[in-house]
Amino acid sequence: MPELPEVETIVRRLREGNAAEGVLLGHRVLGVNVLWARTLRGADEATLQAQLPGQRLLSVGRRAKWVVMQFDNAALLLHLRMSGDLRVESQAAALQPHDRLLLDFEGGLRLTFNDPRKFGRAWWTQDPAAALADLGPEPLDEGLSDAVFYQRLHRVQRQLKPLLLDQRFLAGLGNIYTDEALHRAGLHPLRRSNTLTIEEAQRLLRAIRAALQEGIRRNGASIDWVYRGGNFQNYFRVYQRTGQPCPVCGTPIVRLLVGQRGTHICPVCQPAPDTPAGGV
DNA sequence: CACGAGACCTGTTCGC
DNA sequence: TGCGAACAGGTCTCGT
């Protein structure tokens with residue numbers, strides 16, 4: 001489920017802990033339970049069992065779509081991919097279907113990583129900065145200027161949608177927020193990145209930030225059978241709204257396939273780029 | 001370099 | 001009703 005706003009929401013909740021039973025921050029891990037071995041990366045189960053118990057959780061943060069849990073001597077990096085979820089609950093709570101990794105903390109709390117599709121990953125690493133080194137800039141970082149964004153767009157000649165999904169170009173967007181941002185910016189997903197004017201680049205960066213900030217404000221989007229309590233899904237402009245009216249002009253939303261991903265646009269607000277071959 | 005296809009996985013929904 | 005196909009919020013690798 002998670003893109004940047006959903007991960008941000010999850011991270012904030014992890015910091016708060018479980019209202020009824022306490023927080024994880026500052027507490028030591030007592031035990032680790034690996035229920036699906038392929039969840040682990042960077043270290044095998046024996047290493048994790050040898051190194052994680054006894055370590056205190058110092059901070060919980062986010063980088064792109066990664067949850068960064070810093071312990072005394074190393075970090076646990078969690079990526080939820082398509083279907084991952086994190087719960088903070090009592091160690092007495094019953095296991096749920098698809099639970100993959102359990103961390104029991106002193107004080108009686110447990111952090112549970114649940115992931116039906118098994119795509120999610122937990123990296124145990126002494127050097128989290130190196131593990132995250134290939135990620136592009138954070139879109140909400142004010143240090144990312146219009147001029148720099150424009151330059152980055154012009155360094156390559158790629159379709160906008162796959163480019164925005166490339167975490168090395170910009171870190172944190174996924175399928176929902178890319179579609180929403182392109183609609184807000186009035187740009188077609190197949191536009192070539194190096195054809196954008198400085199004004200269009202500026203509009204795109206502002207649209208990305210507006211979509212992400214609205215997502216965070218609404219605690220993320222909750223779709224399908226995974227429900228997290230966010231309600232951004234009720235405010236989508238185009239995502240999964242095929243056939244419904246564009247909120248700007250009323251034209252029915254159209255679904256395309258771009259880079260193997262379902263893509264939703266308003267054909268009027270987001271005019272197709274000229275193509276030498278004629279037709280997209 | 002840029003893109004498409006396939007892989008990794010399970011669950012839900014759609015269409016006949 | 002039943003059953004297979006299509007689809008799902010993400011990345012990774014390989015071939016062209």
Side-chain angles (χ1 to χ4, degrees), chain A residues 1-10 35-42 62-67 77-86 96-101 113-123 131-132 134-136 152-182 189-195 211-212 214-216 218-243 255-264 273 275-277 280:
Chain A
M1 49 167 294
E3 301 179 34
L4 189 156
E6 288 75 30
V7 178
E8 180 64 27
T9 301
I10 289 167
L35 279 45
W36 177 252
R38 297 189 61 182
T39 298
L40 296 184
R41 288 297 146 94
R62 179 190 61 76
R63 173 75 171 102
K65 301 174 191 173
W66 290 89
V67 177
L77 310 179
L78 298 168
H79 199 304
L80 305 172
R81 293 284 182 97
M82 293 285 267
S83 60
D85 191 13
L86 291 168
Q96 300 295 313
H98 318 303
D99 283 349
R100 307 299 181 200
L101 178 67
F113 180 28
N114 182 280
D115 183 24
R117 290 178 71 177
K118 299 179 177 171
F119 289 165
R121 296 292 179 256
W123 270 83
L132 302 172
D134 287 341
L135 291 170
R152 290 175 67 83
L153 286 168
H154 279 251
R155 278 220 298 258
V156 290
Q157 308 179 47
R158 295 177 59 185
Q159 300 167 347
L160 281 181
K161 169 134 184 185
L163 182 61
L164 293 176
L165 289 173
D166 185 338
Q167 302 297 297
R168 294 166 303 184
F169 178 77
L170 194 64
L173 291 184
N175 212 30
I176 293 177
Y177 293 90
T178 300
D179 280 7
E180 293 294 306
L182 286 171
L190 293 178
R191 272 288 294 277
R192 291 284 158 180
S193 59
N194 60 322
T195 68
L212 292 173
E214 184 179 356
I216 291 172
R218 300 194 186 284
N219 295 315
S222 311
I223 317 182
D224 297 343
W225 74 101
V226 183
Y227 181 69
R228 286 210 64 84
N231 68 344
F232 185 51
Q233 71 278 7
N234 298 325
Y235 301 88
F236 289 163
R237 298 175 173 220
V238 289
Y239 185 78
Q240 286 190 349
R241 293 192 65 246
T242 307
R255 182 179 184 276
L256 316 170
L257 211 54
V258 178
Q260 325 279 90
R261 309 299 300 276
T263 299
H264 312 78
T275 51
V280 175

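Per chain, numbering begins at 1; letters A, B, ... match sequence-line order. As the structure is a prediction and not an experimental result, all values here were calculated from the model.
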P spacing across the pair B:dG11 / C:dC12, given as an integer number of angstrom = 24 Å

Using atom CG of A:L256 as one end and atom P of B:dC3 as the other, report the distance to the nearest whole Å.
-> 15 Å

A:Q260 side-chain N/O to B:dG4 phosphate OP1/OP2 under 4.0 Å | no

Considering only C:dG10, B:dG11, B:dA2, which nucleotide approaches the side chain of A:V156 most closely?
-> B:dA2

Check the distance between B:dC1's C1' and A:D166's CG and give it to me in whole angstrom.
-> 13 Å

CG of A:L164 to CD of A:Q159, rounded to nearest 0.5 Å, is 11.5 Å

Is the shortest side-chain N to carboxylate O distance from A:D179 to A:R237 below 4.0 Å?
-> no

Check every strand shown and say whether A:R38 touches a base, only sugar-phosphate, or nothing at a heavy-atom separation below 4.0 Å.
-> sugar-phosphate

Return no unless some side-chain N or O of A:H79 is found under 4.0 Å from OP1 or OP2 of C:dT11.
-> yes

Could you give the distance separating C:dA6 and B:dA5 at their P atoms, to the nearest angstrom?
-> 14 Å

Here the distance between atom P of C:dC7 and atom CZ of A:R117, to the nearest Å, is 13 Å

With a 4.0 Å cut-off on heavy atoms, is A:R255 in touch with a base, just the backbone sugar-phosphate, or nothing at all?
-> sugar-phosphate

Closest contact, heavy atoms only, A:G262 versus A:N175 = O-ND2, 3.0 Å

Would you tell me whether A:T178 and A:K161 have side-chain atoms, one donor and one acceptor, within less than 3.5 Å of each other?
-> no

Here the pair of heavy atoms bringing A:N194 nearest to A:V156 is CB-O, 3.4 Å

Give the rounded distance in Å between these two atoms: CD of A:Q157 and P of B:dC3.
-> 9 Å

Between B:dG6 and C:dA5 - P atom distance, rounded Å = 15 Å

Considering only atom P, compute the distance from C:dG4 to B:dC9 and round it to an integer number of Å.
-> 23 Å

For the pair made of CG in A:L165 and P in C:dG10, what is the distance, rounded to whole Å?
-> 7 Å

Atom-to-atom span, NE2 of A:H154 to P of B:dA2 - whole angstrom = 13 Å

Any idea which heavy atoms bring A:L256 and A:P189 closest together, and the distance?
-> CD1-CG, 4.3 Å

DNA chain C stem ranges, 3 or more consecutive Watson-Crick or G-U pairs under 3.5 angstrom | B:2-8 with C:10-16, B:10-16 with C:2-8

Verify the contact: side-chain N or O of A:H98 to OP1 or OP2 of B:dC9, cut-off strictly under 4.0 Å; return yes or no.
-> no

B:dT12 and C:dT11, which share atom name P, separated by this distance in whole Å = 23 Å

Indicate whether A:F119 forms a stack on C:dT11; treat it as stacked only if centroid distance is below 5.5 angstrom and interplanar angle below 30 degrees.
-> no

Test of ring centre spacing under 6.0 Å for A:Y177 and A:F236 | no

Identify the two heavy atoms, one from A:L160 and one from A:S193, that lie closest to each other, and give their separation to 0.1 Å.
-> CD2-CA, 3.9 Å

For A:M82 and C:dG9, what is the distance between atoms CE and P respectively, to the nearest whole Å?
-> 5 Å

At under 4.0 Å between heavy atoms, what does A:G259 touch on the DNA or RNA strands: base, sugar-phosphate, or nothing?
-> sugar-phosphate

Pick base, sugar-phosphate or nothing for A:Y177, based on heavy-atom distances below 4.0 Å to the nucleic acid.
-> nothing

Would you say B:dT10 has OP1 or OP2 under 4.0 Å from some side-chain N or O of A:K118?
-> yes

Among C:dT11, B:dA2, C:dG9, which nucleotide sits nearest the side chain of A:Q167?
-> C:dT11

Using a cut-off of strictly less than 4.0 Å, decide whether A:K65 has a side-chain nitrogen or oxygen near OP1 or OP2 of C:dG9.
-> no

Between C:dG9 and A:R261, is there an OP1 or OP2 to side-chain N/O distance shorter than 4.0 Å?
-> yes

Between P of C:dG10 and CG of A:L135, the distance in whole Å = 14 Å

Across the strands shown, which category fits A:R168 at heavy-atom distances under 4.0 angstrom: base, sugar-phosphate, nothing?
-> nothing

Shortest non-hydrogen contact between A:L78 and A:A122, atoms and distance | CD2-CB, 3.5 Å

Sorted by position of nearest nucleotide on DNA chain B, 5' first, the leading residue of A:V258 and A:P97 is A:V258

Could you list the residues that satisfy salt bridge (Lys or Arg N to Asp or Glu O under 4.0 Å) with A:R63, not counting sequence neighbours?
-> A:E138

Can you tabulate the close N/O pairs, meaning under 3.5 Å, that link protein atoms to atoms of nucleotides 12-16 of chain C?
none

A:G174 backbone acceptor or donor facing A:E3 side chain under 3.5 Å | yes

Of all the heavy-atom pairs spanning A:P116 and A:S83, show the shortest one and how long it is.
-> CD-O, 3.3 Å

